[in-house]
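Here is how names work: the chains are called A, B, and so on, in the same order as the sequence lines, proteins then strands, and each is numbered from 1. Remember, it's a predicted structure, so these values are computed and weren't measured experimentally.
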There are 2 protein chains.
Amino acid sequence: MAETARRTEKRYGNRPTMKDVAARAGVGLKTVSRVVNGEPGVTPDTERRVQEAIEALGFRRNDSARVLRKGRTASIGLVLEDLADPFYGPLSRAVEEIARAHGALLINGSSAEDPDREQELVLALCARRVDGLVVIPAGDDHRYLEPEIKAGVATVFVDRPAGRIDADVVLSDSFGGARDGVAHLIAHGHRRIGFIGDMPRIHTAAERLRGYRTAMADAGIPVEDSWMSLGVTDPERVRLAAEAMLSGPAPVTAVFAGNNRVTVTVVRVLAEHHRPVALVGFDDFELADLLQPGVTVVAQDAAQLGRTAAERLFRQLDGAPHTPERIELPTRLITRGSGELPPAD
Amino acid sequence: MAETARRTEKRYGNRPTMKDVAARAGVGLKTVSRVVNGEPGVTPDTERRVQEAIEALGFRRNDSARVLRKGRTASIGLVLEDLADPFYGPLSRAVEEIARAHGALLINGSSAEDPDREQELVLALCARRVDGLVVIPAGDDHRYLEPEIKAGVATVFVDRPAGRIDADVVLSDSFGGARDGVAHLIAHGHRRIGFIGDMPRIHTAAERLRGYRTAMADAGIPVEDSWMSLGVTDPERVRLAAEAMLSGPAPVTAVFAGNNRVTVTVVRVLAEHHRPVALVGFDDFELADLLQPGVTVVAQDAAQLGRTAAERLFRQLDGAPHTPERIELPTRLITRGSGELPPAD
DNA sequence: TAGAGCCTGGACAACGTTGTCAGATGCAGG
DNA sequence: CCTGCATCTGACAACGTTGTCCAGGCTCTA
């Protein structure tokens, strides 16, 4: 017994193994395994003895070994951009819920919008042999995933499509949402409408820009370069961009903000501005309704995105025949006041 | 070769193993291991051959096997209450950052404030042999963790202390923060001050209630039962509670809200209220400054909580001698207007 | 040129679990 | 009392990796 203790304490602190449990219960190794996994073929009496030994030793099955043997880890990976972004909270939660319903754990990490870090994370997750991946891509080339997918790692992209590989993707209708949002401003009489968005290399940002351009073109309004600010994302630069398009001889009378972070910053700028300026933002955010005026937004359903993606993932894992598909969820315009302000020329 | 392919395709899809790589490169198994792990003792030429084989086969080391052999998983678990709660975003992000700095992955799950689910999650993480755990406890009895901790799983509790076991904990000074917040209202002339908070079985909620009582007592103000609402947490009930204490013959002139979700709901109620009512909330939240009036809050630094906890965790893991400790971080009163409103009697 | 020492590479066991298969046990029926 | 069958149990190999240890070939020196 002393010898056993000495042997095990080298590793994992001194965790008891099935062998230890078996020794204590006076049964064979496999019998312990059977009890732990609820397999049939163990007499109640034996089972009780084993349970007692497990209890006494504080045994906990080592899932690493189990995984090694079985080939399935019952865990999936989620790679997103920033855990602290409120948009990803509900998404991540939805994925977790579905994972839980399938008895899987969720491992997640943030790419911080850095393609290298995304790849590093994804490969680390693959090395852990996660059964599947939900990825909100930061990069635009995912060929590094090809061997993984071929090896059977189920993969679903969310919010933005994968680059240069064929894979499932679930996203919001950024183009249509932005187009409708801008059209909403136009319908309220605006012509000089600003657009502040993220780098166009990000798919959603590009799509929203395209929606903006389309709405303007549909209304026959030529867009001036000074109305558009692309690739600004940190608050200070968004602030500068907003102030720039609000000043000058022909300032914009309305702004379309490309995502929730931009929207919030623009709200701050407008709060200090002397003239009312209309605003429509992409993404809803908490308290948007409590501001003065309430902020009109193009809302996407983050939770639904996550749910849909996770469900598709597990359908893949359950062995359903699978051809990569692109699922686009509609957005919803929520009017709260800021988007209905008339132009203050 | 064909035989090898047949053998491996049974498991993990058909992932190549080091053996396969070795065969293809014409070297021994251990040599591949050396190359993969950057160990010395491999000629450049051999290394190149191995690298090529790895590339060609799309080999990726199986970390499950590695973990089994080495005893360390380089991953830590984070159990929190709700991923979608904005308070936990920065916390979780901070933990992830520290983990990353230590080369560890973060596995997380939400307890949904359910003690059973918390335990289930924690034990699942232990079965995965995470090296350490950061837990925001939902339950109040953590004796189930004793064997794990004894077996060497580093554990740090955050935001609330562990129940019935001795473990590290990092939390905000809920008592002092609430006391100061309420005292702030008293200093602005309020006497009938309401308190809306979570169930007192939650440590932070209890502490904040204690802070409220203490501030009132210090000012010699007897507290009436109708001013306090405990254990309400869903928006609808918070709304009812707020409306109740704002009506009647002697309504409260100020409200202290026990957490961010309560605060937001109370803001909504007050927005519809005819008389101005002062408000101080525990927890800061985005846009609190943009509301009319800005919401005065007792702010805790969620990121700092996470950082501190994670750092302590890794200090444990690095083998520093360790006695459980309780670290309390100060809160900060941020005045923005709502807490400075005079009583409207 | 022989011997010592270094460097590289590979055989083998072990990590803790599960699948396979065969042995042991108990019981009913002949 | 023996056979046959069903039930329960355990020995053993395997999962893919890493640590240990030794063999063989090389360089360097005397």
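- No side-chain donor-acceptor contact under 3.5 Å links A:Arg48 and A:Gln51.
- Taking atom CD on A:Glu39 and atom C1' on C:dT17, their separation rounds to 11 Å, with Å as the unit.
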### Message
What verdict does the salt bridge (charged side-chain N to carboxylate O under 4.0 Å, His left out) test give for A:Arg49 and A:Glu55, after you've listed the backbone C-alpha separation in whole Å, the side-chain angles of each residue and the deciding distance to 0.1 Å?
### Response
CA-CA 10 Å; A:Arg49 284 217 318 286; A:Glu55 201 77 8; over 6 Å; no
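- Residues forming a ring-ring contact (aromatic ring centres under 6.0 Å, His included) with B:His102 (at least two apart in sequence, or on another chain): B:Phe314.
- A 4.5 Å side-chain heavy-atom check between A:Val32 and A:Val27 finds at least one atom pair inside the cut-off.
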Just the table, please: protein N/O against nucleotides 22-24 of chain D N/O, every pair under 3.5 Å.
none

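- Distance, B:Asp63 CG to C:dC15 C1': 15 Å, rounded to whole Å.
- Taking OG from B:Ser111 and CD from B:Glu113, the interatomic distance works out to 6.0 Å, rounded to the nearest 0.5 Å.
- Regarding B:Arg72, its CZ atom lies at a distance of 19 Å from the P atom of C:dC15, rounded to whole Å.
- The base of D:dG10 sits with one of its N or O atoms less than 3.5 Å from a complementary donor or acceptor on the side chain of A:Arg34.
- Considering only heavy atoms from C-beta on, B:Arg66 comes within 4.5 Å of B:Arg61 through its side chain.
- A heavy atom lying under 4.0 Å from DNA chain D marks the following residues of residues 48-61 of chain B, by number: B:Phe59, B:Arg61.
- When atom types are taken as modelled, the side chain of A:Asp20 and the backbone of A:Thr17 share a donor-acceptor pair closer than 3.5 angstrom.
- Applying a 4.0 Å cut-off to non-hydrogen atoms, the residues of residues 25-33 of chain B that approach DNA chain C are B:Val27, B:Gly28, B:Lys30, B:Thr31, listed by residue number.
- Counting to the nearest Å, the C1' atom of D:dA13 and the NZ atom of A:Lys70 are 17 Å from each other.
- Between A:Leu171 and A:His203 the shortest side-chain heavy-atom distance falls below 4.5 Å.
- For A:Thr155, the side chain to side chain donor-acceptor pair (under 3.5 Å) criterion is met by no residue, not counting sequence neighbours.
- Side-chain contact between A:Lys30 and A:Glu39: present, with at least one pair of heavy atoms (C-beta onward) separated by less than 4.5 Å.
- Within the 4.5 Å cutoff, side-chain heavy atoms of A:Thr31 are placed close to those of A:Thr46.
- Put simply, CE on B:Met18 is 16 Å from C1' on C:dC12, counting in whole angstrom units.
- Using a cut-off of 4.0 Å between Lys/Arg side-chain N and Asp/Glu carboxylate O, A:Glu52 and A:Arg24 are scored as not salt-bridged.
- In this structure the side chain of B:Leu133 never reaches within 4.5 angstrom of the side chain of B:Phe157, judged on heavy atoms.
- Separating the CD atom of A:Glu47 from the P atom of D:dT9 is a distance of 10 Å, rounded to the nearest angstrom.
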Using atom names, set out every protein N or O paired with an N or O of nucleotides 6-8 of chain C below 3.5 Å, distance rounded to 0.1 Å.
| residue | atom | partner | partner atom | Å |
| --- | --- | --- | --- | --- |
| C:dT8 | O3' | B:Thr43 | OG1 | 3.3 |

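- Atom CZ in A:Arg129 sits roughly 11 Å away from atom C1' in D:dT17 (whole-Å rounding).
- One atom, CZ of A:Arg66, and another, P of D:dG16, lie 17 Å apart when rounded to the nearest Å.
- Checked options B:Glu96, B:Arg100, B:Arg93, B:Glu97; the residue passing with A:Ser110 is B:Glu96 (criterion: side-chain hydrogen bond (donor to acceptor under 3.5 Å, both in side chains)).
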